[in-house]
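Input: a single structure, listed below in structure tokens.
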Amino acid sequence: MTELKDVGLGLDVVPLAGYIGAEIRGVDLREAHEAGVIEEIRNALHTYKVVFFRDQEIGHAEQIAFARRFGKVTPAHPHEEEPPAGFPEILPIDSRRYESRLGRKRTSYDSSWHTDVTALVNPPAASILRADILPPYGGDTAWTNLVAAYENLPKELRDFVDTIDIKHQFNTRATEGSQRERKVREANLVTYHPAVRVHPETGERALFVSPGFTRGAREIRGFTPSQSEGILKVLWDEATKTEYTVRLRWAPGTVAFWDNRATSHLAIPDAGHLGHDRVLYRVTLEGDVPKGVDGRSSESVSGEPFYGS
Ligand code: SIN
């Protein structure tokens with residue numbers, strides 16, 4: 001039976017899976033300005049980690065304005081060279097771009113589980129993704145609840161992961177000499193993050209292992225490569241267990257809003273080979289520097305923090 005929570009301001013919050021994900025109904029994001037409504041969306045985000053809105057008729061400007069209700073909006077991405085004209089905050093996730101760059105369509109820019117831009121010392125606090133053009137089937141996105149993944153570890157393993165730091169960096173497949181490859185090299189974003197981060201608003205602990213950004217270096221500070229590899233494999237598997245996930249079937253006008261401090265996500269890479277287009281637009285909110293359970297902060301190895309306005 002669907003559990004439906006009327007939060008008192010005309011919004012209904014409908015949970016979608018056992019550990020993560022809810023649809024919020026009864027809100028038009030063009031008009032979501034009231035402090036009470038924003039607070040209810042924020043509460044739902046903290047509880048469900050990712051929330052979905054359907055049938056939203058918004059463009060870039062409205063998406064950015066909605067995001068600003070929750071924090072500072074960053075530029076599109078540290079490596080973005082061509083955001084839409086007039087909207088430097090918008091990151092297009094566009095199969096047509098990947099086709100012109102790579103000679104083949106892709107579902108999304110990454111085909112692995114990741115938390116957004118964790119190579120930064122201050123990864124985005126949250127991301128808001130809006131669907132525009134979609135394949136007739138395929139191209140879903142899944143999110144996983146990293147708080148549940150942490151809390152369900154055996155205590156001995158929790159005590160251990162509380163103490164370790166993992167290296168995060170980009171693994172670019174960009175063609176050598178291309179503008180993109182130059183951007184990645186120049187920004188040179190590399191950071192050690194605690195494997196467990198404490199959420200600055202909820203106080204919850206999350207297993208912060210972002211496979212897409214940790215699978216390149218495969219390095220836990222102080223461990224040998226083979227030790228790091230083995231430990232990371234266990235943690236990646238725990239963080240992405242099916243039971244901690246929710247899967248979204250997009251439609252034009254669907255908006256997903258996720259807490260990047262408590263989730264990883266996967267653009268399921270099953271649409272590129274079909275030859276259909278898939279176009280979505282993302283904005284991100286400025287994030288804090290993660291802190292581990294003992295209060296230690298992430299440490300930048302190279303690259304600059306990423307600030308919004
Ligand atoms: C993202 O990783 O931010 C985009 C996910 C997607 O393409 O579904």
Side-chain angles (χ1 to χ4, degrees), residues 16 20-21 45 49-54 56 60 63-64 67 73-80 83-84 89-99 101-102 104-120 123-144 146 168 170-173 180 184 189 208-215 239-240 245-274 276-287 306 308:
L16 299 174
I20 183 171
L45 185 67
K49 316 306 184 204
V50 58
V51 293
F52 307 123
F53 305 88
R54 295 288 191 181
Q56 299 295 323
H60 297 332
Q63 184 176 358
I64 295 165
V73 176
T74 67
H77 189 279
H79 302 151
E80 175 58 36
E89 302 90 347
I90 295 280
L91 176 71
I93 292 170
D94 186 335
S95 55
R96 296 167 303 192
R97 291 179 120 190
Y98 310 133
E99 188 172 19
R101 274 187 206 151
L102 306 166
R104 65 189 160 81
K105 286 196 202 295
R106 286 172 60 95
T107 301
S108 190
Y109 64 89
D110 190 7
S111 55
S112 60
W113 283 100
H114 65 277
T115 299
D116 285 329
V117 213
T118 58
L120 283 166
S127 301
I128 300 175
L129 185 62
R130 168 173 60 95
D132 184 10
I133 300 171
L134 294 162
Y137 43 84
D140 296 357
T141 306
W143 285 262
T144 186
L146 300 177
H168 295 238
F170 271 89
N171 309 294
T172 181
R173 286 174 301 272
R180 183 166 174 74
V184 175
L189 297 170
F208 196 57
V209 293
S210 196
F213 287 94
T214 55
R215 68 164 189 259
T240 58
T245 69
V246 65
R247 177 170 175 156
L248 174 68
R249 175 83 200 119
W250 296 96
T254 301
V255 173
F257 185 177
W258 63 91
D259 187 336
N260 204 47
R261 299 167 294 191
T263 58
S264 282
H265 54 278
L266 170 71
I268 295 168
D270 66 347
H273 71 286
L274 299 171
H276 299 294
D277 282 320
R278 180 178 186 271
V279 181
L280 303 96
Y281 297 102
R282 192 180 85 188
V283 296
T284 45
L285 299 181
E286 180 183 302
F306 201 47

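Just follow the structure's listing: the first ligand is 1, and inside any ligand the first atom is 1.
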* Selection residues 248-259 - residue pairs positive for salt bridge (Lys or Arg N to Asp or Glu O under 4.0 Å), sequence neighbours left out -> D140-R249, D259-R261
* To do: Measure the acute angle between the ring planes of W143 and F52, then classify it against the limits of 30° and 60° as parallel, tilted or perpendicular.
  => tilted
* Asked: Who pairs with S210 by side chain to side chain contact (heavy atoms under 4.5 Å, CB included), at least two apart in sequence or on another chain?
  -> H114, T115, T118, H168, F213
* Asked: Who's touching ligand 1 if we go heavy atoms under 4.0 Å?
  -> I93, S108, Y109, H114, D116, L129, T141, W258, H265, A267, R278, R282
* To do: If the plane angle is over 60° it's perpendicular, under 30° parallel, otherwise tilted; pick one for W258 and H265.
  => tilted
* Asked: side chain to side chain contact (heavy atoms under 4.5 Å, CB included) with T74: which residues, sequence neighbours excluded?
  -> T284, E286, F306
* Side-chain donor-acceptor pair under 3.5 Å between R104 and H273, yes or no? -> no
